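A short worksheet on the structure shown next.
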Amino acid sequence: MPSIKAAIIGFGTVGKGVYKIVDEKREQIKKQTGYTVDIVAVLVRDITKTRNIFPGTVLTDNIDDILNNPEITVIFEAIVDEEPAYTYLSQAIEKGIHIITANKKMFAKHGPALLKHAEFRNIQVGYEATTAGGVPIIRTIGNLLSGDRVKRIQGILNGTSNFILTDMRTEGVPFKTALEDAQKLGFAEADPTDDVSGTDAFCKLMILSSLAFGSQPEWEKVSVVGIDHIQTDDVVEASNAGYRYRHVADIRQNDDGSLTAKVGPVLLEANHPLYSIDGVDNAVIVETEYLGALTLIGPGAGMYPTGSAMVADLLHIIRQQVTELIPN
Ligand SMILES: NC(=O)c1ccc[n+]([C@@H]2O[C@H](COP(=O)([O-])OP(=O)(O)OC[C@H]3O[C@@H](n4cnc5c(N)ncnc54)[C@H](OP(=O)(O)O)[C@@H]3O)[C@@H](O)[C@H]2O)c1
């Protein structure tokens, strides 16, 4: 059975999820694609920490151990921040390695350049996990675009913010307590700044914008407001009046082709599709010229939803690129 050799960059929540799923779904992947997938290397910052990996997997803190291994034809990238992720993935493309990333901060800014570079080198890029975790929004929009035109996208793209707003409404707790609840339950990062400031949702919206509209609005012109200033009394009062606060990322294409985007809390009425989305779920409404409106709802983060979105990208790449995945 031919074997595809892959590496994982970053072995935190997401990297570990990919590793586990590739192991647990080994037989299924074999059956579906005719290939086995072996994770032969894992890159981390600190190689002294104990990692739960098989003896055959190389653990390294040196990217060259991956980039210079001619057997490796796919990289899963799950580290944080723009750099060194962008540099590593650019180098991987240059070496002819297909890339799959979960790194939204990096991809919002550098995704268009990576995609262009990859197209030039005939390399595949998977980025389903960057946006709305396990909700297959990238593939859905990609499919829609073949015969339709996206007019508007609205979404709850940050599960932590949605959890906090839900907790404030249902438990009557202040923002700070709701944030601590989210952290205790493992939904919020130790540093939740990007989540509660709207930056995380903004990055995801820019990734969707590039895909759906082929461009992004000027970043400085997009109003980005977080949820950290919202008072529990406001949330409860709104709820009693039949409204709900939701943190919504919204982008639309105007008649002249320009884009208008904003990210922030809004009050929604009960008939709005995002009204009932509680807890850590994400939801995205895509409005198109021919289809009308389509809403996708699901888990926006976590080890298994995000890891499985990355493995789904791999299966897609295998189907697209079968011949170049096994070196001669
Ligand atoms: N968590 C989620 O549910 C989720 C969902 C969607 C997308 N994402 C995105 O996926 C990425 C990973 O998230 P995560 O939650 O898995 O993060 P995490 O738990 O903090 O893990 C990050 C991993 O990256 C490694 N790392 C960081 N900087 C590195 C560097 N310069 N060189 C080599 N390794 C480095 C760390 O190494 P050490 O272990 O040695 O520190 C760690 O293993 C992020 O970009 C995040 O935005 C996360």
Side-chain angles (χ1 to χ4, degrees), residues 7-21 39 41-53 57-67 75-92 99-111 114 126-138 155-163 182-183 185-197 199-208 279-282 284 298-313:
I8 299 177
I9 300 183
F11 206 62
T13 305
V14 177
K16 280 184 218 159
V18 171
Y19 195 77
K20 276 168 180 271
I21 293 168
I39 307 292
V42 167
L43 179 88
V44 289
R45 240 178 333 209
D46 179 358
I47 49 166
T48 64
K49 277 192 215 163
T50 307
R51 314 278 174 169
N52 197 8
I53 55 175
T57 308
V58 172
L59 182 71
T60 180
D61 59 359
N62 183 352
I63 188 68
D64 290 337
D65 290 343
I66 290 172
L67 296 176
I75 283 178
F76 294 95
E77 186 264 314
I79 61 178
V80 282
D81 288 332
E82 284 172 35
E83 289 294 356
Y86 176 51
T87 302
Y88 289 171
L89 294 187
S90 302
Q91 290 170 334
I99 59 173
I100 297 167
T101 180
N103 186 338
K104 55 230 166 183
K105 213 166 181 179
M106 180 281 299
F107 207 77
K109 187 155 171 201
H110 300 294
L114 282 175
Y127 59 101
E128 186 68 71
T130 59
T131 305
V135 179
I137 187 63
I138 301 294
I156 294 175
L157 298 178
N158 185 270
T160 305
S161 293
N162 203 50
F163 174 87
Q183 283 170 322
L185 290 164
F187 300 145
E189 305 286 332
D191 177 0
T193 313
D194 283 354
D195 289 329
V196 301
S197 66
T199 305
D200 178 80
F202 167 77
C203 288
K204 293 165 178 169
L205 190 68
M206 292 304 102
I207 292 169
L208 294 179
V280 285
D281 269 354
N282 280 195
V284 192
M303 175 184 274
Y304 282 106
T306 313
S308 86
M310 295 184 88
V311 174
D313 273 346

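Everything numeric in this text was worked out from a predicted model, so none of it was measured. Counting starts at 1 for both ligands and their atoms, in listed order. Positions are given from 1 along the sequence.
- Side-chain contact between V135 and E128 is absent, with no heavy-atom pair separated by less than 4.5 Å.
- Contact residues of ligand 1 (protein heavy atom closer than 4.0 angstrom to a ligand atom; sorted by chain and number): G10, F11, G12, T13, V14, L43, V44, R45, D46, K49, R51, A78, I79, V80, P84, A102, N103, K104, A129, A301, G302, T306.
- Taking a 6.0 Å sphere around CG of N52, one finds it holds 12 or fewer heavy atoms contributed by other residues, nucleotides or ligands.
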Side chains of residues 10-20: which donor-acceptor partners sit under 3.5 Å, not counting sequence neighbours?
from: Y19; atom 1: OH; to: F54; atom 2: N; distance (Å): 2.9
from: Y19; atom 1: OH; to: T57; atom 2: OG1; distance (Å): 2.7

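- With contacts defined as side-chain heavy-atom distances shorter than 4.5 Å, the pair N158/N282 does not qualify.
- Just one residue in the list H110, E77, E82 forms a side chain to side chain donor-acceptor pair (under 3.5 Å) with N103, and that residue is E77.
- Residues D191 and T193 bring a donor and an acceptor atom of their side chains to less than 3.5 Å of each other.
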